[in-house]
Amino acid sequence: MPIHNREIATKLNRLANLLEIEGANSFRVRAYRKAASTVRGYPRSMSDMLDDGENLSKLPNIGDDLAEKIQTMVMTGELPLLQEVEDRTPPALSELMKIEGLGPKRVRKLYEELDIQSLNDLEEAIKAGKVQKISGFGNKSAEKIKLRLEKYSGNEQRTRLIDAEEIAAPLLDYLKDAKGIGNIIIAGSYRRRKETVGDLDILITAKDSSPVMNHFIRYDDVEEVVSKGETRSTVYLRSGMQVDVRVVPEESYGAAKIYFTGSKAHNIALRKLGTKKGYKINEYGVFEDNERIAGETEESVYECIDRKYIEPELRENRGELDAAADGSLPRLITLSDIRGNLHTHTKASDGHHSLKEMAKAAEKLGYEYLAITEHSRSLSIASGLDRDQLSRHLDEIDELNAQLENIVLLKSSEVDILEDGRLDYPDDILKKLDFTVCAIHQKFDLSRKKQTERILRAMDNPYFHVLAHPSGRLINERDPYDTNLEKILEAAKERGCFIELNAQPQRLDLTDEGCKMAKDMGVRISIASDAHSTSDLKHMRCGIDQARRGWLEVKDVINCLPRNQLLELFKR
DNA sequence: GCCGTTTTCGGCCCGACTGTTTTCAGTCG
């Protein structure tokens, strides 16, 4: 069973935590964390790369030493240095660091002075009044830790972007009523449109910050005020969401937007470029010899380091700073570039609205075409259509098309890919369709090799066109099934197939990195809402967010094409 | 431990807030 990138990353992070508690060189600790982050976000699996004979030390933040450690993990599943460290430092201390307010120094102190090795030990010690007696801790610290312990569940998750939007919207409205407020924007990963967000970073400009901060902490939904200062305040909302509000003067708005939008990796790279030119870049502006030379707008900051403006979605230090230097930044796709939707359901299978209702709703969005993709016969749980039902369904589409003026319904099906890689309908049925959207809905637990081969075999069928939700993951609910994405993309390129970016906010599958990988390999994408109701059609915008993070442009997305050109693509 | 258009050695982001101090360490983002 090959080890996953996320397991490698988890081990490296745990090692970093324990070494930090032991007081190891902080830059070495940081190096392990940076490497963990590289591995976690990398679209190809370390295991596959080693199989292909590639040198891992080419990856950013991974040198000879870590390349070797990763190779050992891939081959044996173990990291010897981690085991060594765990022999002398209790492994659970790593978890104690997850409690807010506890960093390496304090965890070490708790261990050395009170022999606290676990969350349980810590709880007992606080109850017994021992913690507040250690120097450096006091009653307030003990109280805070106690509160955090009560709320800590161990499986804290980031919030899906669409859920974060629901939390953010009323708060933003409320904050706008604060006295003397200038600009207001939600920065952070929310502005970068990342699929999940950890907290909300709200940036505000105002001459006087006090009224803004006082207004903020009086928000109805605030459960706890963590800190409150002149430029920064932090609260927890009842939903558990952490919200940071930062107030800066008007002239620093651009620099602060960059700073608080991140990502961290983008900012560090950007500041390094500044340093090289003799500037200091921080949240207040760009400084040359303590004189502010830019910062009012984001453009002015990028200009100082000879870069064009970079869209927030691209700010992940994945090559955007180089692209902004040589003029090769992508012109990112927008919602209005979309001409149709290639994956939708109606009442005929597991959708909630009729053909006509879906067609009218899509027409209202200005689409030229809408593909109806009911489930195929094996998926009885979603009322999949048998061959006669599908046949009648196609007739209905023909009849409705004769009445529709501004939109055309495309005849399709979300065809199951069976365990052996066959498609769920015979060819004589498939050929009646304009194109197919093929997907895996069962047998998620096949080995990586078998799952990949299953998909490749399916692609051999000349009626295979689009691979829908290619990993099957549901954010925060279900892990992706195990496949070799690179091999799938290679096969898609060879055979003239396409990959779906499923725009359902809990799917968003492909990932952003996956989109970029597909683009770089020359495989085009269908961004489709997989709508099961008329209102689901608007989830297209979630797919656009993800696509922009994956550097996609109009030319990379097949449903930006007019209908006749699109249908040409499906002639394999 | 990583990295390099000043460097193969010597850097590695840095400002804000809190609590416990009595001038600052620890933590966080």
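Every chain is numbered from 1, with letters handed out A, B, ... down the list of sequences.
Taking atom C1' on both nucleotides, B:dG1 is separated from B:dT8 by 14 Å, rounded to a whole Å. Rounded to a whole angstrom, the distance from the C1' atom of B:dG10 to that of B:dG15 is 24 Å. B:dT22 and B:dC12: their C1' atoms are spaced 32 Å apart (whole Å). Taking atom C1' on both B:dG11 and B:dT6, the two are 12 Å apart, rounded to the nearest angstrom. Rounded to a whole angstrom, the distance from the C1' atom of B:dC17 to that of B:dT23 is 16 Å. When the C1' atom is used for both B:dC13 and B:dT27, the distance is 16 Å, rounded to whole Å. Across the C1' atoms, B:dC9 and B:dA16 are found 33 Å apart, a figure rounded to whole Å. When the C1' atom is compared between B:dT20 and B:dA25, the two are found 9 Å apart, to the nearest whole Å.
B:dT8: no Watson-Crick or G-U partner with both key distances under 3.5 Å is found in any strand.
Residues that satisfy the side-chain hydrogen bond (donor to acceptor under 3.5 Å, both in side chains) test with A:Ser47, not counting sequence neighbours, are absent from this structure. Applying the side chain to side chain contact (heavy atoms under 4.5 Å, CB included) criterion to A:Arg44, with sequence neighbours excluded, gives A:Tyr42, A:Met49, A:Asp52, A:Glu54, A:Glu486, A:Met517. Considering only residues two or more places apart in sequence or on other chains, A:Asp201 meets the side-chain hydrogen bond (donor to acceptor under 3.5 Å, both in side chains) condition with A:Arg246. Applying the side chain to side chain contact (heavy atoms under 4.5 Å, CB included) criterion to A:Lys487, with sequence neighbours excluded, gives A:Thr452, A:Asn484. Residues forming a side chain to side chain contact (heavy atoms under 4.5 Å, CB included) with A:Ala31 (at least two apart in sequence, or on another chain): none. In terms of the side chain to side chain contact (heavy atoms under 4.5 Å, CB included) criterion, residue partners of A:Asn282 (sequence neighbours excluded) are, by chain and number, A:Lys280, A:Tyr284, A:Phe287.
In terms of position on DNA chain B, the residue among A:Arg246 and A:Leu81 whose nearest nucleotide sits closer to the 5' end is A:Leu81. Between A:Ala35 and A:Gly136, the residue whose closest nucleotide on DNA chain B is further toward the 5' end is A:Ala35.
As rounded to whole Å, 12 Å separates atom P of B:dC2 from atom CG of A:Leu15. Between A:Ile99 atom CD1 and B:dC28 atom P there is a gap of 10 Å when expressed in whole angstrom units. Here B:dC28 presents its P atom at 17 Å from CZ of A:Phe260, a figure rounded to the nearest Å. Atom P of nucleotide B:dG1 and atom CG of A:Leu82 are separated by 14 Å, given to the nearest angstrom. One interatomic measurement links the two molecules: CG of A:Asp199 to P of B:dC28, which rounds to 13 Å at whole-angstrom precision. Nucleotide B:dC2 holds its C1' atom 10 Å from the CG atom of A:Asp64, rounded to whole Å. What separates CZ of A:Arg33 from C1' of B:dG29 is a distance of 13 Å, to the nearest Å. Taking atom CG on A:Asp201 and atom P on B:dG29, their separation rounds to 9 Å, with Å as the unit.
Proximity note for A:Ala31 (side chain, C-beta onward) versus B:dT6, B:dG1, B:dT27: the nearest is B:dG1.
Of the possible polar contacts, none joining the A:Arg548 side chain to the A:Gln546 backbone as a donor-acceptor pair under 3.5 Å is found. At distances below 3.5 Å, not a single donor-acceptor pair connects side-chain atoms of A:Lys176 with backbone N or O atoms of A:Leu171.
In this structure, A:Glu223 pairs ionically with A:Lys151, as a charged nitrogen and a carboxylate oxygen lie closer than 4.0 Å.
Annotation: proximity of residues 17-24 of chain A to DNA chain B (heavy atom, distance under 4.0 Å) is found for no residue. For the segment residues 105-129 of chain A, the set of residues with a heavy atom within less than 4.0 Å of an atom of DNA chain B comprises A:Lys105, A:Arg106, in numerical order.
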*asked:* Generate the contact string for nucleotides 9-18 of chain B. Rules: B means base contact, S means sugar-phosphate contact only, - means no protein heavy atom under 4.0 Å.
replied: ---BB-BSSS
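A:Trp551 carries A:Lys516 over the face of its six-membered ring, with the cationic atom under 6.0 Å from the centre and within 45° of the normal.
Annotation: ring pair (Phe, Tyr, Trp, His ring centres under 6.0 Å) contacts involving residues 115-152 of chain A, sequence neighbours excluded, are absent. Here ring pair (Phe, Tyr, Trp, His ring centres under 6.0 Å) pairs that include residues 225-245 of chain A, with residues two or more places apart or in two chains, number zero. The ring pair (Phe, Tyr, Trp, His ring centres under 6.0 Å) contacts involving residues 164-201 of chain A comprise A:Tyr174-A:His215, A:Tyr174-A:Tyr219, where partners must be two or more places apart or lie in separate chains.
Side-chain nitrogen and oxygen atoms of A:Gln242 include at least one within less than 4.0 Å of the OP1 or OP2 phosphate oxygen of B:dG29.
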